[in-house]
Amino acid sequence: MQLARAAHSRMARYAFLFMMLVVAASFAQTLASFWGHDAGELPSAAAGWAGNADYLGVAPWAVLVFFLLFIVSSSAFADTLYLDVRCRAAGCVATRTTTARYVWATACAAALAAFVVVLVPLLLSQALALLVFPASAPDGFVTSFNDAASMPDVFGTGSMELLLWDLRWSHPYLHNLIFICYDALWAAIMAAASVAVSLYTRRSRLVVLGAPTLVYLLSLFVLPRWAALSNYLYPGAAPETSLAFMALAPLAATLAVVAAIAWALARGRDVLL
């Protein structure tokens with residue numbers, strides 16, 4: 001039932017449309033940047049997608065990653081439990097199943113909706129890049145705009161320290177797919193976290209959707225640079241990154257969200273009141 005509601009949700013459509021507009025704006029900015037360039041100067045499609053924000057100076061995607069990615073993806077369905085309780089529909093649903101099943105189903109549906117809202121536009125961004133850029137090319141636009149491919153810093157030790165840099169050169173499209181799925185995974189985790197927040201507070205819809213994003217933004221200033229999540233959401237954001245953190249952080253965050261939901265259900269208070 002919750003998956004069907006998510007598929008027909010108006011907010012899910014708005015969130016998807018917003019993501020598509022950001023991808024379109026990023027694509028348009030990339031095309032404008034290369035207007036009038038010789039064909040031999042064009043990057044490969046692996047470098048021309050929206051997520052390559054640092055190297056091509058794609059402002060719309062960079063702004064989305066730093067401020068809006070999680071709140072937009074969470075708005076697709078993560079506030080459903082809060083809205084159901086507020087309009088007194090939650091009790092009607094819970095009487096036909098159990099409260100725990102209702103809450104867990106809502107969290108899973110919210111996570112899946114957020115995952116799709118981020119995954120599909122980014123895959124389309126890569127597809128758009130394949131339409132206008134060559135599938136393979138000696139990328140000169142891999143450190144900053146208009147750097148030549150022969151520039152020493154491209155192959156220098158600083159660049160080689162970037163996350164998954166060797167994979168970027170050997171299998172660039174697999175490299176992009178990893179970042180696309182990683183962004184979608186974190187969107188799913190944050191959406192489930194918003195559902196967890198709605199079990200503890202009834203203050204406002206903005207609190208439910210914005211609390212995980214607020215924690216994310218604060219972490220960028222509090223945590224060391226290698227533990228700042230924004231550095232892992234698109235290629236080459238910072239050299240001070242850790243592959244172990246990239247792999248373990250989603251697992252730790254997922255366990256924390258599961259524990260928060262389980263505690264709210266186990267502590268004896270009716271979470272639907």
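Everything numeric here is computed off the predicted structure, so don't read it as measured data.
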Worksheet item: What residues form a ring pair (Phe, Tyr, Trp, His ring centres under 6.0 Å) with F70, not counting sequence neighbours?
Response: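 Applying ring pair (Phe, Tyr, Trp, His ring centres under 6.0 Å) to F70 gives Y216.
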Fill in: Set of residues satisfying ring pair (Phe, Tyr, Trp, His ring centres under 6.0 Å) with respect to F16, sequence neighbours excluded
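Partners of F16 by the ring pair (Phe, Tyr, Trp, His ring centres under 6.0 Å) criterion come out as none, since no residue qualifies.
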Does any non-hydrogen side-chain atom of [Y] lie less than 4.5 Å from one of [X]?
{"X": "P212", "Y": "W186", "result": "no"}
{"X": "I180", "Y": "V118", "result": "no"}
{"X": "L112", "Y": "F77", "result": "no"}
{"X": "L31", "Y": "W35", "result": "no"}
{"X": "W263", "Y": "Y200", "result": "yes"}
{"X": "L167", "Y": "I178", "result": "yes"}
{"X": "F115", "Y": "I189", "result": "no"}
{"X": "L68", "Y": "T213", "result": "no"}

Polar side-chain atom of [X] near backbone of [Y] as donor-acceptor pair, under 3.5 Å:
{"X": "S198", "Y": "L81", "result": "no"}
{"X": "S125", "Y": "P121", "result": "no"}
{"X": "Q126", "Y": "N176", "result": "no"}
{"X": "S9", "Y": "R5", "result": "no"}
{"X": "N231", "Y": "R225", "result": "yes"}

Looking at every heavy atom in both [X] and [Y], which two are closest together, and how far apart are they?
{"X": "A6", "Y": "A12", "value": "O-CB, 3.6 Å"}
{"X": "W104", "Y": "V258", "value": "CH2-O, 3.6 Å"}
{"X": "P134", "Y": "P43", "value": "CD-O, 3.4 Å"}
{"X": "P250", "Y": "L185", "value": "CB-CD2, 3.8 Å"}
{"X": "I261", "Y": "A107", "value": "CD1-CB, 3.9 Å"}
{"X": "V117", "Y": "S73", "value": "CG1-CA, 4.3 Å"}

Any chance you could measure [X], atom [atom1], to [Y], atom [atom2], to the nearest 0.5 Å?
{"X": "M1", "Y": "T97", "atom1": "CE", "atom2": "OG1", "value": "8.5 Å"}
{"X": "L163", "Y": "H175", "atom1": "CG", "atom2": "NE2", "value": "7.0 Å"}
{"X": "M190", "Y": "L209", "atom1": "CE", "atom2": "CG", "value": "13.0 Å"}
{"X": "L124", "Y": "M20", "atom1": "CG", "atom2": "CE", "value": "4.5 Å"}
{"X": "Y173", "Y": "R168", "atom1": "OH", "atom2": "CZ", "value": "11.0 Å"}
{"X": "F67", "Y": "L217", "atom1": "CZ", "atom2": "CG", "value": "7.0 Å"}

Discussion item. Can you tell me how the ring of Y232 sits relative to the ring of F245, calling it parallel under 30°, perpendicular over 60° and tilted otherwise?
Written reply: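 Tilted, since the angle between the ring planes falls between 30° and 60°.
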Worksheet item: Can you list the residues that meet the side chain to side chain contact (heavy atoms under 4.5 Å, CB included) rule with P172, with sequence neighbours excluded?
Response: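 If we apply the side chain to side chain contact (heavy atoms under 4.5 Å, CB included) test to P172, skipping adjacent residues, the hits are A46.
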Cluster overlap [X] with [Y], hydrophobic side-chain contacts below 4.5 Å:
{"X": "L265", "Y": "V208", "answer": "no"}
{"X": "W61", "Y": "V132", "answer": "yes"}
{"X": "L177", "Y": "L233", "answer": "yes"}
{"X": "V197", "Y": "L218", "answer": "no"}
{"X": "M19", "Y": "M11", "answer": "no"}

Discussion item. Does T30 form a side-chain contact (heavy atoms from CB on, under 4.5 Å) with F34? I'd like the steps, not just the answer.
Written reply: CA-CA 7 Å; T30 302; F34 288 100; 4.0 Å; yes
Fill in: Chi angles and distances behind the side-chain contact (heavy atoms from CB on, under 4.5 Å) call for Y234, N52
CA-CA 7 Å; Y234 58 95; N52 200 26; over 6 Å; no
Item to complete: Determine, stepwise, if the pair S74 / D79 fulfils side-chain contact (heavy atoms from CB on, under 4.5 Å).
Response: CA-CA 8 Å; S74 293; D79 58 350; over 6 Å; no
Item to complete: Evaluate side-chain contact (heavy atoms from CB on, under 4.5 Å) for V207 paired with Y82, printing each intermediate quantity in order.
Response: CA-CA 10 Å; V207 171; Y82 168 82; over 6 Å; no
